[in-house]
There are 2 protein chains.
Amino acid sequence: MGLTKTEIFTDEQNRLAVMLKALAHPARIAILQQIINVNACICGDLVDELGLAQATISQHLKELKTAGLIQGAIEGVSVCYCIEPKAWKLLSSQLGEFFSLYKEPANCC
Amino acid sequence: MGLTKTEIFTDEQNRLAVMLKALAHPARIAILQQIINVNACICGDLVDELGLAQATISQHLKELKTAGLIQGAIEGVSVCYCIEPKAWKLLSSQLGEFFSLYKEPANCC
DNA sequence: CATGTATATCGCAATATTACGATTGATTAT
DNA sequence: ATAATCAATCGTAATATTGCGATATACATG
């Protein structure tokens with residue numbers, strides 16, 4: 001074991017979980033905030049900004065890219081990353097939906 | 001290694017990451033949806049609804065409870081779980097904020 | 001072409017997660 | 001009290017994640 005049983009869940013539940021997992025790390029949250037802040041997409045500046053090794057940053061960027069949340073464009077020697085608008089909006093709205101499922105207490109517990 | 005370097009991130013980044021990690025599993029998403037759907041809080045019905053062993057469900061419930069997203073009340077032999085409104089709203093608004101940081105493209109990439 | 005610079009990838013060690021059978025603990029019913 | 005039921009916890013196996021040094025790859029410039 002140690003393997004998530006994806007078969008028993010809906011595609012939507014699995015997709016949402018995958019996206020959330022991509023977000024669920026402080027380094028990746030920090031990376032996304034940086035990318036958004038420095039609107040012009042950045043690259044190895046992230047290695048300087050955050051206190052992690054180059055290999056580690058590169059790996060986090062790869063995970064965000066695999067999840068489809070960001071995209072990278074080669075720009076000479078360096079690579080320029082930015083938000084992938086479609087995935088961002090989709091995730092945003094899916095999360096909005098998910099959270100709005102719950103409407104105030106009721107009376108239980 | 002294998003240990004997230006929380007020291008180098010802000011409290012907010014760490015907190016958000018912890019909450020997202022709690023959400024980032026299809027079983028836990030399914031559990032939350034069930035809890036919300038069957039508005040009256042449910043309990044071991046989850047074991048029947050989802051196709052996971054009792055021990056596994058209990059473990060996922062514990063993680064959600066540790067994250068503060070749900071709360072459980074003993075009700076005779078069984079336990080009744082429901083959303084913790086404050087944490088739910090807080091996370092919802094924090095995520096809303098996070099996603100709204102990004103406003104349309106710009107021109108990069 | 002050789003060198004420097006920026007990223008990606010490989011390989012590894014430490015740790016965390018996922019899942020579950022087995023057991024324990026608590027509460028109700030007999 | 002005894003038995004039945006529900007949920008939590010323990011222990012364990014399989015797998016995933018995190019982080020990084022070392023290396024490889026790709027591009028640019030002298």
Side-chain angles (χ1 to χ4, degrees), chain A residues 1-9 13-14 17-31 34-35 38 40-67 70-82 109, chain B residues 1-9 13-14 17-31 34-35 41-67 70-82 109:
Chain A
M1 291 104 217
L3 177 58
T4 297
K5 282 188 155 180
T6 53
E7 333 82 71
I8 67 175
F9 303 107
Q13 287 166 338
N14 285 318
V18 166
M19 295 304 255
L20 286 172
K21 205 191 256 181
L23 283 189
H25 192 286
R28 292 193 288 272
I29 291 177
I31 287 174
Q34 268 291 317
I35 288 182
V38 186
C41 9
I42 36 174
C43 28
D45 297 344
L46 289 165
V47 179
D48 302 326
E49 291 293 336
L50 315 183
L52 289 170
Q54 184 265 321
T56 307
I57 297 288
S58 193
Q59 197 175 305
H60 283 304
L61 283 168
K62 188 184 182 180
E63 283 175 71
L64 288 171
K65 212 165 64 177
T66 301
I70 62 173
Q71 59 193 160
I74 299 173
E75 202 142 294
V77 191
S78 46
V79 176
C80 172
Y81 283 102
C82 59
C109 300
Chain B
M1 293 101 217
L3 178 59
T4 298
K5 281 187 156 181
T6 53
E7 334 80 75
I8 67 175
F9 303 107
Q13 288 167 337
N14 284 318
V18 165
M19 295 305 257
L20 287 173
K21 205 191 254 180
L23 283 189
H25 192 287
R28 293 194 288 273
I29 291 176
I31 287 174
Q34 268 291 318
I35 288 183
C41 9
I42 36 176
C43 28
D45 298 344
L46 289 165
V47 179
D48 302 326
E49 291 294 338
L50 315 185
L52 290 170
Q54 184 265 319
T56 308
I57 297 287
S58 193
Q59 197 174 305
H60 283 305
L61 284 169
K62 187 182 181 180
E63 283 176 72
L64 288 171
K65 212 163 63 174
T66 301
I70 62 175
Q71 58 194 157
I74 299 173
E75 201 143 295
V77 190
S78 46
V79 176
C80 172
Y81 283 102
C82 60
C109 299

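A, B, ... follow the sequence lines: proteins, then strands. Residue 1 opens every chain. Quantities reported herein were computed from a predicted structural model and do not represent experimental measurements.
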What is the distance, to the nearest angstrom, from the [atom1] atom on [X] to the [atom2] atom on [N]?
{"X": "A:I8", "N": "C:dC20", "atom1": "CD1", "atom2": "C1'", "answer": "13 Å"}
{"X": "A:I29", "N": "D:dT18", "atom1": "CD1", "atom2": "P", "answer": "12 Å"}
{"X": "B:E75", "N": "D:dC6", "atom1": "CD", "atom2": "C1'", "answer": "13 Å"}
{"X": "A:R28", "N": "D:dA16", "atom1": "CZ", "atom2": "C1'", "answer": "12 Å"}
{"X": "B:L50", "N": "C:dC20", "atom1": "CG", "atom2": "P", "answer": "11 Å"}
{"X": "B:L64", "N": "D:dA8", "atom1": "CG", "atom2": "C1'", "answer": "15 Å"}

Gap between atom [atom2] of [Y] and atom [atom1] of [X] - 0.5 Å precision:
{"X": "B:S78", "Y": "B:I42", "atom1": "OG", "atom2": "CD1", "value": "11.5 Å"}
{"X": "B:K62", "Y": "B:I57", "atom1": "NZ", "atom2": "CD1", "value": "15.5 Å"}
{"X": "A:L23", "Y": "A:L64", "atom1": "CG", "atom2": "CG", "value": "7.5 Å"}
{"X": "A:Y81", "Y": "A:I35", "atom1": "OH", "atom2": "CD1", "value": "8.5 Å"}
{"X": "B:I29", "Y": "B:Q34", "atom1": "CD1", "atom2": "CD", "value": "14.0 Å"}

Checklist entry - In B/S/- notation, 5' to 3', how is nucleotides 4-11 of chain C contacted by protein heavy atoms closer than 4.0 Å? => result -BSBBB--
Checklist outcome for this item: Contacts of A:E63 meeting side chain to side chain donor-acceptor pair (under 3.5 Å) (sequence neighbours excluded), chain-then-number -> A:R28
Next on the checklist: Could you work out, with side chain to side chain contact (heavy atoms under 4.5 Å, CB included) as the rule, every residue matching B:S58, not counting sequence neighbours?
Outcome noted: B:Q54
Checklist outcome for this item: Across all chains, not counting sequence neighbours, the side chain to side chain contact (heavy atoms under 4.5 Å, CB included) partners of B:A27 are A:F9, B:H25, B:L52, B:H60
Next on the checklist: Return whichever of A:I74 or A:E63 has its heavy-atom-nearest nucleotide of DNA chain D closer to the 5' end.
Outcome noted: A:E63
Checklist entry - Under 4.0 angstrom, heavy atoms only, what part of the nucleic acid is A:L52 near: base, sugar-phosphate, or nothing? => result sugar-phosphate
Item to check | Pairs touching residues 17-27 of chain A that satisfy salt bridge (charged side-chain N to carboxylate O under 4.0 Å, His left out), sequence neighbours left out | outcome: none
Item to check | Nucleic acid contacts of residues 17-26 of chain B, taken as heavy-atom distances under 4.0 Å to DNA chain D | outcome: none
